[in-house]
2 protein chains.
Amino acid sequence: MEITRETDYAIRCVLYLCEKREEITMIDEIAREMEVPRSFLAKILQKLARASLVKSFRGVKGGFQLARPPARISLLDVVEAIEGEVAMNLCALDQALCGRSKYCPVHPAWVDIRKDFRKVLGKYNFEKLKKTGERQKAKG
Amino acid sequence: MEITRETDYAIRCVLYLCEKREEITMIDEIAREMEVPRSFLAKILQKLARASLVKSFRGVKGGFQLARPPARISLLDVVEAIEGEVAMNLCALDQALCGRSKYCPVHPAWVDIRKDFRKVLGKYNFEKLKKTGERQKAKG
DNA sequence: TTAAACAGGATAAAATCAGTCTTAATTAAA
DNA sequence: TTTAATTAAGACTGATTTTATCCTGTTTAA
């Protein structure tokens, strides 16, 4: 049921890149600032890049940059970039994975639940999260 | 993000006990009919009993029985009986588990998301699931 | 008293998670 | 054109969790 630590790291990472909006930021900096192991973070950024959430630049002065505005990146985007398609039960993704499929009374429920979960996670974009963070900080 | 196989077994098990409403059913029968390893199922039934979803009877003629009507057992009940409190991020359960708590802009989101997820899972009770199953069967 | 059932703890194999390491490939700048 | 800085990709590894099994003890109907 929980997201993995990897996903948690990924979220921190996107959050950091949101602050650095126009700049190209190196793995080392993100790793240091967000307290994520550097080599693990490298893998995570690769996944985020493959999902087109960040752009990568190789070579000297290389690094990473958000691929679109924070308002257009949701928690769902990040979770699915790292963990693959969200679903509480794999049978909700593919009927074939559900051995007991045909007469399983729970199957339609899992399909609906998956839809609801995706909607909930999709509601939170990083622009919104950033603002919440700023309000918190203001309150002390 | 996914429920474990254990939880999946638990759901099948409750489903089976729903059919047997007034009877006391032995582990062996449930295990055989629901295709769940017997010794694993024994553990699962213990958890369901501790969560007061089923009643257990020891000794000769012992077995298990639903502790309340199917309409009053939800998917949330079963998932939490097996996996503990539902949450995508542990920080949503306990501020203290969240090292970066105070200024983490995502924290309030996890708390909301947890609430939504619980609500969604709570919507499905076993009476409803049973009916869906019957409709499916009728359609062939 | 006995046999049939569940309770609970110890143990173990398999899978997944959370990383590390090494060897490319790329690129700005000397 | 060489070099140093940077990411890309895959192999590998240790720790943790999942998915069980087994054994001993307790309860209870007959």
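Values in this document were obtained by computation on a predicted structure and should not be read as measured data. To find a chain, count down the sequence lines: A is the first, B the second, and so on, and within it residues start at 1.
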### Query
Quick one: is the NZ or CZ of A:Lys61 closer than 6.0 Å to the six-membered ring centre of A:Phe57, and within 45° of its axis?
no

### Summary
From NZ of B:Lys47 across to P of D:dT18 the rounded distance in Å is 9 Å

#### Entry: Gap between atoms CD1 and C1', on B:Ile27 and D:dC22 respectively (whole Å)
14 Å

### Task
Give the rounded distance in Å between these two atoms: CD of B:Gln46 and C1' of D:dT27.
14 Å

### Query
Does B:Arg58 make a side-chain donor-acceptor contact with the base of D:dT26, cut-off 3.5 Å?
yes

### Task
Using modelled atom types only, decide if a donor and an acceptor are shared between the side chain of A:Lys128 and the backbone of A:Lys123 within a distance under 3.5 Å.
yes

### Summary
CG (A:Leu53) and CD (A:Glu80) are apart, to the nearest 0.5 Å, by 10.5 Å

#### Entry: B:Lys43 to B:Phe40 six-membered ring, cation-pi geometry met (6.0 Å, 45°)
no

### Query
What integer distance in Å separates B:Ile44:CD1 from D:dT21:P?
11 Å

### Message
Distance check, rounded to the nearest 0.5 Å: B:Asp94 atom CG versus B:Glu85 atom CD?
### Response
10.0 Å

### Query
To the nearest angstrom, how far is A:Lys61 atom NZ from D:dT7 atom P?
13 Å

### Query
D:dA8 P sits how many Å from A:Leu41 CG, rounded?
11 Å

### Message
Counting the atoms with a prime plus P, OP1 and OP2 as sugar-phosphate, which does A:Ser56 contact under 4.0 Å by heavy atoms, base, sugar-phosphate, or nothing?
### Response
sugar-phosphate

### Query
Expressed in angstrom and rounded to an integer, what is the separation of B:Arg38 atom CZ from D:dT19 atom C1'?
16 Å

### Query
Under a criterion of less than 4.0 angstrom to any heavy atom of chain B, what are the 5'-terminal and 3'-terminal contacting nucleotides of DNA chain C?
C:dA3 to C:dG9

#### Entry: Comparing B:Gly62 and A:Arg5 on DNA chain C - which has the more 5′ nearest nucleotide
B:Gly62

#### Entry: Short side-chain to backbone donor-acceptor contact, B:Arg114 and B:Ala87, under 3.5 Å
no

#### Entry: Gap separating the OH atom of B:Tyr9 from the CE atom of B:Met34, nearest 0.5 angstrom
12.5 Å

#### Entry: Rounded distance in Å - CD1 (B:Ile3) to P (D:dT18)
13 Å

#### Entry: 5' priority, DNA chain D, between B:Phe57 and A:Leu45 [closest heavy atom]
A:Leu45

### Query
Taking the nucleotide of DNA chain C with the closest heavy atom to each, which residue, B:Val60 or B:Lys43, is nearer the 5' end?
B:Val60

